[in-house]
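Below is one structure, written out as structure tokens, with a few remarks after it.
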Amino acid sequence: MTAPTTDIDVLHYSAFTTHPDGGNPAGVVLDAAALADDDAAMTAVAARVGYSETAFITERDEAARRYRLRYFSPLAEVAFCGHATIATAVALADRDGPGELIFDTASGEIRVETTADGDGPSRATLTSVPTRSRPADPGAEVEPTLAALRWSADDLDPALPPHVAFAGNDHLVLAAATRERLADLDYDYEALEAVMRRRGWTTVHLVWREAGGGSADEVTNGFVFHARDPFPVGGVVEDPATGAAAAAFGGYLRALGLVDGPTRVRIRQGEDMGRPSDLLLDVTPDEPRARVSGQAVRIPRSG
């Protein structure tokens with residue numbers, strides 16, 4: 001029997017932004033102990049909230065700043081969610097002050113450092129589980145995905161081959177040859193959902209590499225990418241900021257040999273759906289874990 005959920009206090013935060021109208025919104029339940037054994041209730045809360053994910057703290061050790069964290073889309077539990085992790089960390093920092101947090105997730109231990117960012121919203125930096133990346137199978141994985149996206153092989157950047165990358169869950173990485181191809185996203189929702197469920201992917205991480213990069217104080221080695229993440233398996237057409245995919249992308253860059261020293265990558269996401277988001281990805285060649293940083297801001301309650 002599903003527990004009543006109408007009295008559950010859900011905070012609303014938007015991650016990877018300094019403004020409530022940008023970034024990726026997430027629900028945050030700081031005290032979900034009463035729902036710890038009720039997946040149906042947490043799914044119902046996530047469906048009512050309506051965001052791509054809602055995060056639930058189901059166990060806590062306040063003295064150690066250690067928390068059991070679970071994530072639910074409107075349809076099902078997700079093993080790991082980056083933007084909801086950032087949102088939850090900032091919510092805890094807003095309540096308890098900045099510092100290090102430890103989240104025990106279905107994917108493993110995630111450490112997050114929160115800091116005050118001057119007069120702006122707090123910043124959180126998560127360290128992922130070890131990443132990995134492998135070439136995608138052309139016939140079983142790439143071809144049906146391109147068909148569902150209504151893309152052709154000519155739409156891909158040959159310098160950045162398709163991979164399946166992991167940082168807690170799997171993401172197919174496809175690099176568009178042009179910014180125009182990335183901007184024109186009109187995919188077959190049911191077909192892409194079917195491919196993703198068959199392969200166990202959380203999102204398809206579509207990227208385009210910006211030539212020239214950014215200024216030296218923004219990005220190491222001039223790495224700037226624009227990204228879009230279809231998320232039909234979560235009941236959402238598109239994610240405006242995807243921290244888990246960004247961490248997995250760090251593993252992808254390492255696998256391709258594009259990281260030859262400490263590298264900071266700026267990822268711009270959500271631009272084409274009116275929710276601009278900024279994610280900072282830090283990768284080093286000898287460390288399989290990736291670090292993903294961003295700010296988060298509370299979304300005021302309406303009514």
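Only a predicted model underlies this, so the values are computations on that prediction, with no experimental measurement involved. The figures here come from the full heavy-atom set of this structure, side chains too, leaving out hydrogens, waters and symmetry mates.
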Checking side-chain hydrogen bond (donor to acceptor under 3.5 Å, both in side chains) between Asp239 and each of Thr202, Asn24, Thr203, which is the one that passes? Asn24

With side chain to side chain contact (heavy atoms under 4.5 Å, CB included) as the test, would you mind laying out the steps for Val265 and Phe225 before giving the verdict? CA-CA 7 Å; Val265 180; Phe225 284 87; 3.7 Å; yes

Flag yes if more than 12 heavy atoms outside Glu62 fall under 6.0 Å of its CD atom; otherwise flag no. yes

I'd like to know if Arg111 and Glu113 make a salt bridge, using a cut-off of under 4.0 Å between side-chain N and carboxylate O. no

How many angstroms lie between CG in Leu160 and CZ in Arg209, if you round to the nearest 0.5 Å? 7.0 Å

Group every Ile, Leu, Val, Met, Phe, Trp and Tyr by side-chain heavy-atom contacts under 4.5 Å, then state whether Val233 and Val237 land in the same group. yes

Trace of the side chain to side chain contact (heavy atoms under 4.5 Å, CB included) decision for Asp186 with Arg150: CA-CA 7 Å; Asp186 179 22; Arg150 303 188 177 102; 3.8 Å; yes

Gap separating the CG atom of Leu11 from the OG1 atom of Thr88, nearest 0.5 angstrom: 9.0 Å

Full working for side chain to side chain contact (heavy atoms under 4.5 Å, CB included) between Leu172 and Thr145: CA-CA 9 Å; Leu172 177 66; Thr145 304; 3.6 Å; yes

Mind checking the CH2-CG spacing from Trp151 to Leu146? Nearest 0.5 Å is all I need. 8.0 Å

Are Leu92 and Val297 joined in one hydrophobic group, where the rule is that I, L, V, M, F, W and Y side chains link up if heavy atoms are under 4.5 Å apart? no

Report yes or no: does Thr114 contribute a side-chain atom to a donor-acceptor pair with the main-chain N or O of Ala89 at less than 3.5 Å? no

Plane angle bin for Phe249 and Tyr252 - parallel if under 30°, tilted between 30 and 60°, otherwise perpendicular: parallel

Heavy-atom donor-acceptor pair, Arg70 side chain to Glu77 backbone, under 3.5 Å: no

Treating His163 as the side-chain partner and Arg134 as the backbone partner, does any N or O pair qualify as donor plus acceptor under 3.5 Å? yes

To check you understand the geometry: which heavy-atom pair defines the closest contact between Phe72 and Asp39, and what is its length? CE2-O, 3.7 Å

Is any side-chain N of the basic residue among Arg289 and Glu109 closer than 4.0 Å to the acidic one's carboxylate O? no

Give a yes or no on whether a salt bridge exists between Asp104 and Arg68, defined as a side-chain N under 4.0 angstrom from a carboxylate O. no

Validation row: Pro230, Leu206 side chains within 4.5 angstrom (heavy atoms): yes

Can you check whether Ala15's main-chain N or O pairs, donor with acceptor, with Thr17's side chain at less than 3.5 Å? no

Got a donor-acceptor contact below 3.5 angstrom from the Thr131 side chain to the Ala167 backbone? no

First locate atom CD1 of Ile102, then atom CZ of Arg65, and finally report the distance between them rounded to the nearest 0.5 Å. 10.0 Å

Can Met273 be reached from Phe231 by stepping across I, L, V, M, F, W or Y side chains whose heavy atoms are under 4.5 Å apart? no

If the threshold is 4.0 Å, N to carboxylate O, is there a salt bridge linking Glu238 and Arg275? no

Determine whether the side chains of Tyr51 and His12 contain a donor N or O and an acceptor N or O closer than 3.5 Å. yes

Counting only N and O atoms by type, is there a donor-acceptor contact under 3.5 Å from the side chain of Arg197 to the main-chain atoms of Gly200? no

For Pro121, does its backbone N or O pair with a side-chain atom of Gln295 as donor and acceptor, under 3.5 Å? yes

Do we see a donor-acceptor contact under 3.5 Å between the side chains of Thr105 and Tyr71? no

With hydrophobic residues grouped by side-chain heavy-atom distances under 4.5 Å, do Leu75 and Trp201 end up in a single group? no

About how many Å separate CG of Leu280 and OG1 of Thr125, when rounded to the nearest 0.5 Å? 8.5 Å

Taking the six-membered ring of Phe166 (Phe, Tyr or Trp), confirm whether the NZ or CZ of Arg132 is under 6.0 Å from its centre and within 45° of its axis. yes

Are the side chain of Ser128 and the backbone N or O of Ala290 linked by a donor-acceptor pair below 3.5 Å? yes

Can you tell me how far apart CD (Glu271) and CG (Leu182) are? Round to the nearest 0.5 Å. 8.5 Å

Give the C-alpha distance, both sets of side-chain angles, the deciding distance and a yes or no for side chain to side chain contact (heavy atoms under 4.5 Å, CB included) between Phe16 and Val292. CA-CA 10 Å; Phe16 300 112; Val292 178; 3.9 Å; yes

